[in-house]
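We're numbering straight along the sequence, starting at 1.
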Amino acid sequence: MRKSYYILMAILTWFILSSKSCGPEEEKIAGREKADLEQSRERIRTEFEADILSEQSLRAFEINAKQKIVDYGDYLGIAFNKNLDTALRAEAGRMIKSMFTSEDIASNRHMSLITTNRALNIKHIAGQHNVSGFQSISFKIEHVRITEPLRPAGESCYTGKLNFSCTTVTITEQDTVNLGKENLSALFYAHKLPKAFGNDTLLMWSVLLGEIR
């Protein structure tokens, strides 16, 4: 995203300034670059710390949410693949947790094809690969579309809804079984989270997934 580009450029400029010599001409250039850096920081601060998101930003966050649900399926496939390194599967589990507003969100709705655990939540979902009885499980998420655009839902918070399909395929040493396709929906949110930026900590807008139904 363009915002990420601005952040990286600002940080890069800061490192460049820190390594320059201090001759008269260099000091002038450094002064101009420092002013440019401060302007960039202020633009980033204004955009990310605004209490109200612009229509353009809302649409960008909706695209982000669509990509997040696809990534969720990819990370599930890694977590449920016993052929992969344990550390990699554990990292996939951590990434899954970071995508949601809470680790306690129920996930049994879209995992019902492979488990009868009705108490299953995001916190424990990655651990299911050890008891699933399958060598690996793939979760192909597609046909993602926004059904409820982001709208205000309290102070510094927006909520929306998306629909998607998930095809679950289980693999054992003897067989591969397509368990079918489910049509599901997920809530998603745009709200502020503390993020480090240089020596500052800014409250910056982020997108997280909510309940999957």
Backbone N/O of L53 and side chain of Y158: donor-acceptor pair under 3.5 Å:
yes
Does any non-hydrogen side-chain atom of R213 lie less than 4.5 Å from one of L187?
yes
Below 30° counts as parallel, above 60° as perpendicular, anything between as tilted: where do the rings of W205 and F61 land?
tilted
Would a single hydrophobic cluster contain both M99 and F80, if residues Ile, Leu, Val, Met, Phe, Trp and Tyr are joined by side-chain heavy-atom contacts under 4.5 Å?
yes
Out of the candidates N64, T101, L150, only one should pair with F188 under the side chain to side chain contact (heavy atoms under 4.5 Å, CB included) rule; please name it.
L150
Test: R59 and E55 ion pair at under 4.0 Å:
yes
So if you build clusters from Ile, Leu, Val, Met, Phe, Trp, Tyr with side-chain heavy-atom gaps below 4.5 Å, do L184 and V70 land together?
yes
Taking atom NZ of K140 as the centre, does the number of heavy atoms from other residues, nucleotides or ligands within less than 6.0 Å exceed 12?
no
Between the CD1 atom in I141 and the SG atom in C166, the distance rounded to the nearest 0.5 Å is 5.0 Å
To the nearest 0.5 Å, how far apart are OH in Y72 and CG in L209?
8.5 Å
One should read off an interatomic distance between E62 CD and Q67 CD, to the nearest 0.5 angstrom, of 15.0 Å
d(I96 CD1, I78 CD1) to nearest 0.5 Å is 8.5 Å
Do I137 and L88 sit in one hydrophobic cluster, given that two such residues count as connected whenever their side-chain heavy atoms are within less than 4.5 Å of each other, even indirectly?
yes
Looking at every non-hydrogen atom in both residues, tell me the closest pair between A92 and A79 and how far apart they are.
CB-N, 4.1 Å
Report the distance from atom CZ of R151 to atom CG of L58, rounding to the nearest 0.5 Å.
12.0 Å
Specify the closest pair of heavy atoms between H191 and L208, including all atoms of both residues, with the distance to one decimal.
NE2-CD1, 3.3 Å
Could you tell me the separation between the CG atom of L179 and the CZ atom of F139, rounded to the nearest 0.5 Å?
9.0 Å
Looking at E142, is its backbone amide N or carbonyl O close enough to the side chain of S165 to form a donor-acceptor pair, meaning the two atoms are under 3.5 Å apart?
yes
